[in-house]
Amino acid sequence: MCAEVEETLKRIQTHKGVIGTIVVNAEGIPIRTTLDNSTTVQYAGLLHQLTMKARSTVRDIDPQNDLTFLRIRSKKHEIMVAPDKEYMLIVIQNPSE
Amino acid sequence: LFNTLAAVRVKLNTMLLYSRSSRAMNISTSGILRLNRSATYARSINASVSRKSFCLAADSKILEKSSVQTPKHTIQVLDENGKDVTPRPVYQPDPAAVQSKHSKIFASDTSGGTMSDFYSTTYQTTTNASFAGAFTRSLFGSGSVSIGSQSIMESMSEEIEDPSSKRDNSISLSDVQVKREEVKELIQEEMLDDMVDLYLVESDTLCLLDMPAISVSVDSMEAESVKERNSRYTELCKNRTGNDKYMGRSMQTFNGASKTKEVQSEAITMADAATIANNWDMYDSFCSAGQGEVDLSTDTDKASIAEMIHQNHGPTRTMERTMSVISSSTIVSSSSSRMEMEPFVVPSESKPDPELILQSEEFQQHLFVMERIILENIYQPKLAAYRQLPTLEGMVLLEESSLDEEGPPTPALERLWSFSCELTTGRNVSSMAWNKRNPDLLAVGYGQFAFKDQKPGLVCCWSLKNPSWPERIFTCQSGVTALDFSASSASMLAVGMHDGTIATYNVQSREKTPVIDSSDCVHKHTSPVWQVRWINHERALSGEDKGEALISVSADGRISKWFLRKDLMKLKRTRNDRFKRQVGEKERKSEALISRQAPGLCFDFHPTDSNIYLAGTEEGHIHKCSCSYNEQFLETYQAHKGPLYRITWSPFCSDVFLSCSSDWTIQLWRQDLFTPVLGFMSTQRAVYDVMWSPKWATVFGAVNEGRMEIWDLGASILDPTIVNPASPGVKLTSLLFATETDCVLVGDSDGQVSVYQLKNFTAGEGTQVGTLEDIIGSTLASQL
C-alpha cells in the first residue's frame, strides 16, 4: 500500500510541468515536499487559510456540501489543493509548458 | 425637687463610683432591669408609673447615665387581681454556693435596688426626699438596705418576695454558669426513666437596644417638668459665663496615628474569547448534538465525542476551528457529563502519524484524483480533440495556420497521444479491446507473436484520463495474444495466452490474479490462443447455451466454447472443428495424407446470426461454420495464400466481410460468393490487422508491418486514403477503431498504443451502406 503511494507521488512529480508537490498535515507541518522549506511553509500557510475560507463559503451556502478540491489558475502556474481533515495535498504545475 | 435633684446628683456620683467596679456586670443587666421594670409596671395596677419612669429617665442626662448602671431588679408580674403570676425562673441557683459573693454583688445590687426604689418612691407623690435620703445613707449598709428595699418592694406590691429568691434573682450572670454545670451533672446521673416535670416559664427579657426618646410630647404629664428643666438649663448656661463656679477646660483627644497599608492584588488577566457562528458550524453542531443525545450508551457517545474532539482538535488554531471546538464542547458537555469528556481529550491531541496519513485511503484517493487532474492539464487539448470538443485558446494559432492552406483539406491523421509507460516499453502489443460499458477504458495485451523471445505477458487497462500510467496491470505467465471484454459483466476480461491458457480477470478489483484460469482444464488448448470472444447466444438450443459464452480459437485447430463455472473453467462443449488439411495444391504430396488439424488463427461471429461464424486458418482458408454442426463446415472460402490474421464481418452490410493475411492482401468477400469481390494491396508487407470503421460502411483500417492505412472505398478502391507510416524500427501490430469518435488506435511492437485522430475525413453523409453495396455491385458487374 505504501509503495503504491510512493510510486504515485513519484509519478506525479515527474509529470510534465509539475513544479512541486507538498503534503502537509493538519498543523501545517510538511510531511513530504519537493520544494525548499521556506517556500513549502509559505504555500502551506497561505493555502490553508484559503482552503478554510473556501470550505466555509461552500458550506455556508449548503451545510451538507463540502469542499473536495481547489484549483487556482494564475498566469504563471496552477495550484491544485486536495484538502482533507488531516492533511493537505498541494501540487503546483505549469500547464503551458 | 431641686433638692432631690441635687441629692440625685450626689448620689449618682457615688453611684458612678460604685458602678465602675462592677460595670461589666451591671451594664448588661441594667438595661434589662429597665425594661423589666417597664414591663412589670405595664402589667401592674399603676399603669402611669411606667410612663413616669420613662420620662424621668429621659429628662436628665445624669439620670440617663445612671440608668445604664442600674442593675437588675426583681421581676414581679401582677395580674389584674394583684395576684403574683410571676413566672418562676427556669434556673434556680443554689443559694449555698454563692454566699461568698453575696456581699459584693448585693451591694451593687442593692445600690441599684436603692436607685430603683428611689425611682419608685419618686413616682409616688407620697414619697418624700427624706425617705430617699434615708436610703442614701444606708447605701453602704447591707442589711438595712436590704430591708429598706424590701419594704419598698412591699409597698409596691402586695406580695412579698422571698428575700432569698430576690437575692438569687439578682445574682450576676457569672454565678449562673457555675450553677448550670452542677445542674447538668445531676441530670446525667439520674435515671432516664424518671418522670421529669418540665415547667415552661418565661425567661428574662433581654434588651438589645434601647434608644430613649429625647423629646416629649407637649400633652404628656412630664411636659411641665421637662419645660422646667429646660428653662433651668438655659438659665444655667447663661449664668455660666462669668461665674466662678464654672471653669473652662479644654480637652484634647488623641488622634490615632494613621498608618498606610498597601494592598496589591494579582493582576487580573483578561482573555478575549470570540466566536463566529457560521451557517455550517451550526449545522455541524446540530448534527453532532443530535448524535450525542440519541446515543445514550457510553460507547457510542464516547466514540462520537472522541470523533468530534479529534476532528476539532486536530487542525490548527484558526478562529473557525476553535469556535467549533467551543461549540462542540458545550454541546458535548450538555449531552454527556464532564467526566466522560475529559478522558477523551488526551488521545485526540496526539498528532496523527505522518506515515498514517500517507497510508490512509483518503490520501490515495486524493493522489489519484490529483494525478488525473495534472494529466488533464497536460493533455487537455488532446483529450478535447478526442472528444471532439473545441480546444482552448492555446491551439488557436495552430488552427489559423491550418486554414491558410489552399484547396480542400486533405484527410490526415493527427497523432494525439500514446498510451505507454516504462512497463510496456519493449513489449509487443498483440491485442486491444475496448470495454463494452465504459468506452474510455482500454485493455491492451502485450505478448510476442513469434515462438521465440517469449516473456511473461502483460495486460494493462488504460483509462483515457491517464495516458501515462495504466489503471490496472496484470502480469501473466506467458505472452498475451488475445483479449476481449465481456458485454454482460463489463468488468470481466478474457485473456488468451501463448501457452494456450485462457484466464479471466476482474478489472474492478485490485487483485492481480485471474478470477478463473483454464490451466486446470482437461481439454484446454495446447497451442497459442489467437482469439477470444465473448458471444451472446440469444437463440440457443438448450438452456445452458443461453447467455454469454467465451469462444476461443487456438493453433491446435480447435474452436472451443468455454463455460465458466465457479472455480474453474470448464469446456462445455468443444466445438471440435478440426480444420482438416485440405488436399491441397500441387505442392502437397498425395501419398500420405497425414490429417492434421490446421491451426485456426481468427474467427468472427456473424453480427446478427450468432450461430454462424467464420474461421480463418493458417493455410489461408476461411471456413464458414455453424454452432449446430460440430463436425463439418458449411462453406469454405479459399483465396489467401498465407495465414489469415483477421476476419471481420462488416457491421453495416451483413453479407460482407473482410479478411487480411500475410500474403500482403486484404480481401473483401460476400457471403454467397466464393471468390473475393475486391482485393486490396498496397505494400508488400503482411497485413496484421484489419478493422471496419464503426461509423462508415466504406471505411476500414489496416495495419501492416510498416504502416497504417485507412481505406475509403467510396473514395478509391485502389489506394488507401490515409497512410501513416510507422516509426523506423517499430512494427505496427494491431488496430482498433474508437467507437464514439473519429480516432484510431494503433499498437506497435514497442509497447506504444498511439491514438490518432482522423482529421478532415468525411466519407459522405450517412453510413454509406448503399455506397458499399453499389461498389460491390459495380465491381461484380465489371467482372462479369
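The sequence lines fix the lettering, A, B, ..., with proteins before strands; numbering per chain opens at 1. Being a predicted model, the structure only gives us computed values, none of them experimental.
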Novice: Starting from the C-alpha separation in whole Å, work towards a yes-or-no answer on side chain to side chain contact (heavy atoms under 4.5 Å, CB included) for A/Thr8 and B/Gln364.
Specialist: CA-CA 9 Å; A/Thr8 314; B/Gln364 281 178 15; over 6 Å; no

Novice: Please flag which part of A/Ile31 lies under 4.5 Å from any non-hydrogen atom of chain B: side chain, backbone, both or neither.
Specialist: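 Just its side chain gets close to chain B.
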
Novice: In Å, rounded to the nearest 0.5 Å, how long is the span from CG of A/Asp60 to CG of B/Asn279?
Specialist: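 Rounded to the nearest 0.5 Å, the CG-CG separation comes to 5.0 Å.
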
Novice: Between A/Gln93 (side chain only) and B/Ile374 (backbone N and O only), is there a donor and an acceptor less than 3.5 Å apart?
Specialist: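 Judged by distance alone, yes, a pair lies under 3.5 Å.
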
Novice: Report the distance from atom OH of B/Tyr379 to atom NZ of A/Lys16, rounding to the nearest 0.5 Å.
Specialist: 8.0 Å

Novice: With A/Ala54, which residues qualify under side-chain contact (heavy atoms from CB on, under 4.5 Å), at least two apart?
Specialist: A/Leu67, A/Leu70

Novice: Hey, could you give me the OG/CZ distance between B/Ser468 and A/Arg11, rounded to the nearest 0.5 Å?
Specialist: 6.5 Å

Novice: For A/Thr68, is it the side chain, the backbone, both or neither that has a heavy atom under 4.5 Å from a heavy atom of chain B?
Specialist: backbone

Novice: Can you tell me how far CG of A/Leu89 sits from CG of B/Leu367, rounded to the nearest 0.5 angstrom?
Specialist: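 Here the rounded value is 5.5 Å.
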
Novice: What pair of heavy atoms forms the shortest contact from A/Met80 to B/Met370, and how long is it?
Specialist: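 What the structure gives for the nearest pair is O-CE, 3.4 Å.
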
Novice: Heavy-atom pairs under 4.5 Å with chain B - which of A/Val91, A/Leu9, A/Thr21 has more of them than the others?
Specialist: A/Val91

Novice: Quick one: are B/Phe363 and A/Glu86 in side-chain contact, heavy atoms under 4.5 Å?
Specialist: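 Heavy-atom side-chain distance check fails, nothing below 4.5 Å.
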
Novice: Salt bridge or not between A/Arg71 and B/Glu376? Use side-chain N to carboxylate O under 4.0 Å.
Specialist: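 Looking at A/Arg71 and B/Glu376, the cut-off is met.
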
Novice: Side chain from CB out, backbone as N, CA, C, O: work out which of these in A/Gln13 comes under 4.5 Å of a heavy atom of chain B, or both, or neither.
Specialist: neither

Novice: Scan residues 52-85 of chain A for pairs that pass ring pair (Phe, Tyr, Trp, His ring centres under 6.0 Å), counting only residues two or more places apart or in two chains.
Specialist: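 Of all non-adjacent pairs touching residues 52-85 of chain A, none passes ring pair (Phe, Tyr, Trp, His ring centres under 6.0 Å).
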
Novice: Checking A/Val23 against chain B: side chain, backbone, both or neither under 4.5 Å from a heavy atom?
Specialist: side chain

Novice: Which heavy atom of A/Pro63 sits nearest to which heavy atom of B/Trp280, and what is that distance?
Specialist: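 Looks like CB-CA, 4.1 Å.
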
Novice: Keeping B/Tyr283 on the side-chain end and A/Gln64 on the backbone end, is there a donor-acceptor pair under 3.5 Å?
Specialist: no

Novice: Give, as side chain, backbone, both or neither, the part of B/Gln365 having an atom under 4.5 angstrom from any heavy atom of chain A.
Specialist: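 Neither the backbone nor the side chain of B/Gln365 comes within 4.5 Å of chain A.
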
Novice: Check this for me, if you would: do B/Asp284 and A/Arg59 make a salt bridge, where the nitrogen-to-carboxylate-oxygen distance has to be below 4.0 angstrom?
Specialist: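 Looking at A/Arg59 together with B/Asp284, the answer is yes, because their closest N to O distance falls below 4.0 Å.
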
Novice: Heavy atoms only: give me the nearest A/Ala82-B/His366 pair and the separation to one decimal.
Specialist: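 Taking A/Ala82 first and B/His366 second, the nearest heavy atoms are CB-CD2, 3.5 Å.
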
